[in-house]
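This report concerns only the one structure given below.
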Amino acid sequence: MLSRSSLFCLATAVFQVIVFPSSDAIGKPPKPIRNVILIVSDDLKASVLGCYGDQVCRTPHLDHLASRGTVFERAYCQGTWCAPSRTSFMHSRYRDSENITLGEQLRQHQASSIRVGKIFHMRVPGDIIAGTDGPDIAACWTRRYNAPGPEAHTPGEYACLNLNIVTDDLFGRQSTRMPHRMFVSVKTTTDGTEQADYKATTKAIEILQEDHRSPFFLAVGLVRPHYPMVAPNDYFHPYGIERIEMPGNWHDDTSDIPKIGLAGTHNDRNPIGDYPDNQKRMWSAYYASVSFMDHQVGRLLTALERSRYATDTAVIFTSDHGYHLGEHGLWQKSNLHEEVVRVPLIASVPGVPAGRSDSLVELVDLYPTVCDLMNVPVPDAAQGTSLLPVIEDQDHELRPDALSLHKGASLRTPRWHYIRYQDGSEELYQMEADPSELTNLADDESMTKVLADLRERLDERLENDAHLIDRNTQR
């Protein structure tokens, strides 16, 4: 009979979020790993999670995972909005799809590949309301399930914060393809069970209760905190605007940012700039929807702990990209600044010690990592690198820099963030001294040598992947 301490260790081990294969070079977990669960949040910036340092947002389940897994402090997306990012990490390609999908590769090696919710791109809220697939790739999956939800049409207090509209009326709400939908929140009068993320989690739990004869890859896509930021009213209570402290550069910090480097939505061009308190309410709604998403993660991991797969299943948690919430006076995504390109990434293995890593990693690394975990070969066309050496040794450096692409290219090193746009304009930030990217040093004469080195490094990255070279990224 197992001792009480042994049972406790067995129970807590499953709250870790990535797994090692049985390899002497990497180290053997207590049992061979057969399965991987990939949880993908939507529009989630790393810095709002408690485990990444936020003192306001309540994310107990992800924080618990982080305390038992490997937390990647410097993980970066390759695409800066949903479609290119998800295409990138599901093919392990920086910009194209010239590789078999991750699910197809696993299926060709006797594993099942199951999707619940949004993994490849879906329009939010459009495809969520309709329950449709979006541009999903059917061949990636053995089975796939959509999770429809009412989104902004959920009963409760609706707010369109950039227009300063607050109402309980269900008529006239900003929704699919409407111009102000990104500033919508709903404090629902429901318990949340009608929401897409609750339904997706419930279906994933059902799948964990099945008898799986072959190894499985279970990809669970949660749409929050993507707009509309919908959550039951109780999730909003901890986040009154008196608790919200806006970023230090929220008034206007765009004078030294090239025009091409501005987000499509910013305070000078959108009515949200006229409502400082509503900007705080945007943070409150974002926090509420993050907490609601975190609760679904907790439900799923509790189900895993209670399942027969607890000790041989790996879990990976990440997001497709980050998000602007007023930093520099900017909003949303499709931008190369740190708030957008940096993503949360937590990885854990049953029985493998936890830790935190400053290694620079990229979302293209997810594909080879999952393949390694499930003892499946990595296709030659994959451009990522397995994260397993970092999980084994958090001091291991996987690569010297991280690349992101949007109207040009971003190169993130441990010390510098260099951005070069398709029109040749540049940004440069010393991230240790200026983590909020307040001062663009690209025109500073003392930075001539630094800029020359970073230009050369970026050229090398792009030249190593010839398909990335075009007039949009060359000086």
Side-chain angles (χ1 to χ4, degrees), residues 39 41-63 117 124-125 128 147 149-162 164-168 173-175 180-201 222-247 250 272 275-300 317 319 322-327 331-333 339 344:
I39 306 171
S41 183
D42 202 340
D43 287 15
L44 177 65
K45 59 196 299 171
S47 59
V48 300
L49 300 180
C51 54
Y52 280 91
D54 194 288
Q55 299 298 307
V56 177
C57 197
R58 297 182 180 180
T59 53
H61 305 290
L62 289 170
D63 296 349
V124 181
I128 304 306
E151 298 290 87
H153 307 287
T154 308
E157 182 186 281
Y158 161 92
C160 186
L161 292 165
N162 69 327
N164 200 31
I165 294 172
V166 180
T167 180
D168 290 331
R173 297 186 174 193
Q174 290 280 314
S175 189
H180 304 291
R181 65 193 183 280
M182 61 286 300
F183 290 99
V184 167
S185 69
V186 182
K187 300 178 182 180
T188 78
T189 55
T190 67
D191 61 3
T193 56
E194 78 291 340
Q195 297 301 312
D197 285 355
Y198 187 93
K199 292 179 179 178
T201 304
L222 304 176
V223 296
R224 297 285 86 87
H226 193 293
Y227 61 77
M229 291 172 279
V230 182
N233 189 47
D234 287 349
Y235 286 88
F236 284 79
H237 284 165
Y239 309 122
I241 64 171
E242 72 280 354
R243 296 200 63 201
I244 304 301
E245 183 176 344
M246 291 296 291
W250 73 280
I272 192 66
Y275 301 108
D277 281 351
N278 283 0
Q279 294 188 42
K280 291 185 176 183
R281 291 185 177 94
M282 281 291 296
W283 275 88
S284 297
Y286 191 88
Y287 278 156
S289 56
V290 169
S291 291
F292 182 70
M293 178 275 297
D294 175 79
H295 181 70
Q296 310 318 312
V297 172
R299 293 177 59 219
L300 179 58
F317 176 86
S319 176
Y323 206 74
H324 278 300
L325 283 169
E327 299 91 352
W331 298 88
Q332 299 182 74
K333 46 209 173 185
E339 292 86 1

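Position 1 is the first residue of the sequence, and the numbers go up from there. Only this structure's heavy atoms are used, side chains among them; waters, hydrogens and symmetry mates stay out.
A salt bridge links Glu151 with Arg224: the distance from a Lys NZ or Arg NE/NH1/NH2 to an Asp or Glu carboxylate oxygen falls below 4.0 Å.
Cation-pi check for Arg281 over Tyr275 is not met; the charged atom does not lie both under 6.0 angstrom from the ring centroid and within 45 degrees of its normal.
Judged by distance alone, with hydrogens and angles left aside, the side-chain atoms of Thr59 form a donor-acceptor pair with the main-chain N or O of Gly50 at under 3.5 Å. Between the side chain of Ser185 and the backbone N or O of Met229 there is no donor-acceptor pair closer than 3.5 Å. Proximity of a side-chain donor or acceptor of Glu245 to a complementary backbone N or O of Arg243 within less than 3.5 Å is not detected. A donor-acceptor distance shorter than 3.5 angstrom exists from the side chain of Asp197 to the backbone of Val223, with no hydrogens or angles considered.
In this structure the side chain of Val290 reaches within 4.5 angstrom of the side chain of Leu49, judged on heavy atoms. Looking at Tyr198 and Arg299, their side chains come closer than 4.5 Å, going by heavy atoms from C-beta outward.
Annotation for Val186 and Pro155: closest pair CG1-O, 4.4 Å, computed over non-hydrogen atoms. Pairing each heavy atom of Lys280 with each of Ile241, the nearest pair is CD-O, 3.8 Å. Residue Pro228 comes nearest to Pro125 through the heavy atom pair CD-CB, 4.1 Å, listed as atom of the first residue, atom of the second, then distance. The shortest heavy-atom contact between Ala152 and Tyr158 is O-CD1, 4.4 Å. Summarising the geometry of Asp43 relative to Pro225, their closest heavy-atom pair is O-CG, 3.7 Å, with the distance given to 0.1 Å. For the residue pair Met182 and Met282, the shortest heavy atom distance occurs at O-CE, 3.7 Å.
Considering CG of Leu222 and CD1 of Ile39, their distance stands at 7.0 Å, rounded to 0.5 Å. Distance OG1/Thr188 to CD/Glu194: 5.5 Å, rounded to 0.5 Å. From Ser289, atom OG reaches atom CG of Asp42 across 10.5 Å, with rounding to the nearest 0.5 Å. Separation of atoms CG (Asn233) and OG1 (Thr190) is listed at 10.0 Å; rounding is to 0.5 Å. Between the OG atom of Ser284 and the CG atom of Asp277 there is a distance of 10.0 Å, given to the nearest 0.5 Å. The structure places CD of Gln332 at 5.5 Å from OH of Tyr227, a figure rounded to the nearest 0.5 Å.
Remark: Trp283 pairs with Tyr287 by the ring-ring contact (aromatic ring centres under 6.0 Å, His included) rule, at least two apart or across chains. Remark: Asp168 pairs with Glu157 by the side-chain contact (heavy atoms from CB on, under 4.5 Å) rule, at least two apart or across chains. With sequence neighbours left out, the ring-ring contact (aromatic ring centres under 6.0 Å, His included) criterion links Phe236 to no other residue.
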Test log, rule side chain to side chain contact (heavy atoms under 4.5 Å, CB included), inputs Gln279 and Trp331 | CA-CA 10 Å; Gln279 294 188 42; Trp331 298 88; 3.4 Å; yes
Evaluate the criterion side chain to side chain contact (heavy atoms under 4.5 Å, CB included) for residue pair Asp63 and Asp294; output intermediate values, then yes/no.
-> CA-CA 9 Å; Asp63 296 349; Asp294 175 79; over 6 Å; no
Side chain to side chain contact (heavy atoms under 4.5 Å, CB included) between Tyr235 and Arg58, intermediate numbers included = CA-CA 9 Å; Tyr235 286 88; Arg58 297 182 180 180; over 6 Å; no
Under the side chain to side chain contact (heavy atoms under 4.5 Å, CB included) rule, what do Leu44 and Phe317 come out as? Steps first, then yes or no, please.
-> CA-CA 11 Å; Leu44 177 65; Phe317 176 86; 3.7 Å; yes
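Around atom CD of Glu242, more than 12 heavy atoms belonging to other residues, nucleotides or ligands sit under 6.0 Å away.
A side-chain donor from one of Thr154 and Gln195 sits under 3.5 Å from a side-chain acceptor of the other.
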